[in-house]
Amino acid sequence: MKPIPLQQRGMPVSRLSLGCMPLGGGWNSDPITAEHIKQGHEAVEAALSIGINFFDHADIYTRGKAEIVFGEVLKSNPGLRERIYLQSKCGIRFEEGPGKPHRFDFSREHILNSVDGILGRLGVEYIDILLLHRPDPLMDPDEIAEAFRRLKEAGKVRGFGVSNMSAGQMKLLQTSMDDPILVNQIELNLLHIGWLDQGVHVNQLASRDNYFPEGTLEHCRLENIQIQAWSPLAKGLLSGRPLDGQNENVVKTAELVAQLAEQKGTSREAIVLAWLLKHPAGIQPVIGTINPARIRNCGEAEKIELTREEWYSLYLSSRGRPLP
Ligand SMILES: NC(=O)c1ccc[n+]([C@@H]2O[C@H](COP(=O)([O-])OP(=O)(O)OC[C@H]3O[C@@H](n4cnc5c(N)ncnc54)[C@H](OP(=O)(O)O)[C@@H]3O)[C@@H](O)[C@H]2O)c1
């Protein structure tokens with residue numbers, strides 16, 4: 001299995017990352033409770049127990065509460081911060097009243113202010129990686145590069161990356177940046193397969209409706225940009241979540257996942273993640289469950305080797321139509 005190239009502090013990066021989006025309860029303005037903090041402790045503990053040392057955040061998750069809960073976990077575990085990687089994101093702004101709609105904002109001022117907010121909520125002096133969350137049509141690469149330079153010089157952020165960006169967008173941004181783009185975090189899972197269909201339908205009419213930006217995976221691989229998969233568990237649809245209202249492909253793929261898990265004596269989560277891990281791009285799944293038992297199930301993925309035939313059977317089941 002390909003190692004993760006993100007290593008910064010002489011510390012290897014775990015193959016799986018824990019996505020912290022659900023910590024802190026809902027995306028409402030309800031206050032954080034002791035139960036939320038307990039949940040944070042249990043999720044982090046379960047993640048550490050399976051070797052995860054990389055934690056993914058964003059300034060907007062549960063409107064800042066996720067980072068606050070994580071900060072509480074750090075506070076009661078002295079020394080933990082130095083044993084883990086912390087990644088967060090900025091650039092999405094929710095509606096802030098009349099004339100301030102939901103928008104993306106890669107302005108220097110917003111990036112700098114966001115990082116101060118992130119550091120304050122997490123209660124740390126620096127984060128390892130800052131990602132730009134979703135492409136801002138108004139982005140000016142020079143302005144972003146200037147913000148990144150200041151953050152690095154101030155010791156607040158050690159490295160930078162992007163999320164949901166195409167190869168073209170990354171190339172444009174890179175022309176201004178001093179440091180290499182380290183990460184692109186995109187949605188990749190067994191039920192969201194445009195990233196594979198795009199490659200197998202080259203020069204075919206079937207590629208007409210494909211949404212995945214051509215050349216993005218290849219660009220990341222050529223430039224050593226770590227591809228991170230968000231929603232790698234397909235929100236649990238292939239590992240036990242009720243399937244009411246789902247189409248036949250989803251139902252059949254969930255059955256195949258269950259069958260393979262049974263055959264290999266492992267969890268369904270492990271099969272779903274092993275399928276992503278088998279891709280030679282060295283994808284790092286950012287698992288979003290905060291259920292300790294499910295987190296531990298995910299930990300089995302690295303012990304599972306799918307054959308090429310098993311990998312294709314899963315892909316074809318999700319596609320629901322033959323390859324060209
Ligand atoms: N960059 C971006 O634009 C972006 C967008 C979305 C997410 N992300 C990142 O990616 C991480 C993962 O994303 P995700 O949460 O969408 O993906 P995921 O890992 O595919 O799914 C996790 C979600 O599915 C639920 N789930 C899993 N198995 C289940 C089961 N058997 N039954 C019922 N529910 C089940 C989990 O609930 P439980 O906690 O109860 O298990 C959790 O809500 C996030 O935490 C975040 O860090 C990034």
Side-chain angles (χ1 to χ4, degrees), residues 1-2 4-6 17 19 56 87 89 91-92 104 106 129 131-142 144-145 160-177 179-235 238 247 249-250 253 272-286 306 308 311-324:
M1 216 177 279
K2 209 178 153 193
I4 302 283
L6 282 176
S17 160
D56 180 66
Q87 170 175 278
K89 317 182 195 75
I92 298 180
F104 304 141
F106 289 180
I129 299 169
L131 306 186
L132 298 173
H133 208 152
R134 276 193 181 277
D136 172 7
L138 299 180
M139 75 170 163
D140 170 359
D142 289 342
I144 294 169
F160 302 91
V162 300
S163 180
N164 303 303
M165 281 205 192
S166 67
Q169 288 167 325
M170 286 184 277
K171 285 181 199 166
L172 175 66
L173 182 58
Q174 188 65 76
T175 53
S176 297
M177 282 174 60
D179 290 355
I181 293 175
L182 296 176
V183 171
N184 188 16
Q185 187 178 111
I186 43 183
E187 182 177 9
L188 306 172
N189 65 56
L190 183 45
L191 295 182
H192 190 81
I193 51 171
W195 56 291
L196 296 171
D197 287 343
Q198 186 264 334
V200 299
H201 285 304
V202 168
N203 199 27
Q204 306 258 311
L205 265 182
S207 70
R208 204 174 30 187
D209 299 325
N210 195 293
Y211 51 82
F212 193 79
E214 194 176 351
T216 298
L217 286 190
E218 292 80 0
H219 176 73
C220 290
R221 293 174 72 176
L222 285 166
E223 297 300 321
N224 214 21
I225 296 170
Q226 178 62 50
I227 300 163
Q228 294 178 341
W230 62 262
S231 290
L233 294 169
K235 300 271 184 201
L238 301 174
N247 71 35
N249 297 345
V250 176
T253 309
V272 172
L273 296 174
W275 181 83
L276 274 178
L277 293 177
K278 188 169 177 70
H279 192 279
I283 295 163
Q284 184 185 31
V286 183
L306 296 175
R308 288 180 78 89
W311 188 90
Y312 266 98
S313 300
L314 288 163
Y315 172 36
L316 286 166
S317 170
S318 174
R319 263 174 72 90
R321 60 197 163 126
L323 290 167

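A distance of 10.0 Å separates CG in Leu173 from CG in Asp140, rounded to the nearest 0.5 Å. If you take NE2 on His219 and NZ on Lys171, they are separated by 6.0 Å, rounding to the nearest 0.5 Å. Here Ile144 contributes atom CD1 and Met139 contributes atom CE; the two are 5.5 Å apart, rounded to the nearest 0.5 Å. Expressed to the nearest 0.5 Å, how far CG of Leu238 lies from CG of Leu191 amounts to 4.0 Å. Note: Phe160 CZ to Leu132 CG = 9.0 Å, rounded to the nearest 0.5 Å. Taken to the nearest 0.5 Å, the CD atom of Gln226 stands 10.0 Å off from the OG atom of Ser17.
Shown here are the ring pair (Phe, Tyr, Trp, His ring centres under 6.0 Å) partners of Tyr315, two or more places apart in sequence or in another chain: Trp311. Shown here are the ring pair (Phe, Tyr, Trp, His ring centres under 6.0 Å) partners of Trp230, two or more places apart in sequence or in another chain: there are none.
Taking all atoms of both residues into account, the shortest heavy-atom contact from Val183 to Ile225 is C-CG2, 3.5 Å. Pro213 and Ser166 get closest at one heavy-atom pair: CB-CB, 3.7 Å. Nearest heavy-atom pair, Leu233 versus Val272, reported as atom, atom and distance to 0.1 Å: CA-CG1, 4.2 Å. Annotation for Met165 and Asn184: closest pair O-ND2, 2.9 Å, computed over non-hydrogen atoms. Residues Pro135 and Ser163 share a closest heavy-atom pair of CD-O, 3.9 Å. Between Ile227 and Ala281, the closest heavy-atom pair is CD1-CB, 3.9 Å.
For the pair Gln174 (side chain) and Asp179 (backbone), a donor-acceptor distance under 3.5 Å is present. Side chain of Asn164 to backbone of His133: a donor-acceptor contact under 3.5 angstrom is found. Of the possible polar contacts, none joining the Asp56 side chain to the Val286 backbone as a donor-acceptor pair under 3.5 Å is found. No donor-acceptor pair under 3.5 Å is formed between the side chain of Glu214 and the backbone N or O of Ala167.
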| task | For the pair Tyr211 and His192, evaluate ring pair (Phe, Tyr, Trp, His ring centres under 6.0 Å) and give the outcome as yes or no after the intermediate values. | result | CA-CA 10 Å; Tyr211 51 82; His192 190 81; 5.1 Å; yes
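Between Ile92 and Phe104 there is a side-chain heavy-atom pair separated by less than 4.5 Å. For the pair Trp275/Leu306, a side-chain contact is recorded, criterion being any heavy-atom separation below 4.5 Å from C-beta on. The side-chain heavy atoms of Trp195 and Thr216, taken from C-beta on, include no pair separated by under 4.5 Å. Looking only at side-chain heavy atoms (C-beta outward), Ser207 and Val202 stay at 4.5 Å or farther from each other. Val162 has its side chain out of reach of Gln169: every pair of non-hydrogen atoms, C-beta onward, lies at least 4.5 Å apart. With a 4.5 Å cut-off on side-chain heavy atoms, Tyr312 and Leu323 count as touching. Looking at heavy atoms from C-beta onward, Met177 lies out of side-chain contact with Pro141 at the 4.5 angstrom threshold.
For Arg321, the CZ atom counts as densely surrounded, since its 6.0 Å shell holds more than 12 non-hydrogen atoms of other residues, nucleotides or ligands.
Residues Gln87 and Gln228 have side chains that bring a donor and an acceptor to within less than 3.5 angstrom of each other.
Of the candidates Asn249, Val200, Leu196, Val200 is the only one forming a side-chain contact (heavy atoms from CB on, under 4.5 Å) with Arg319.
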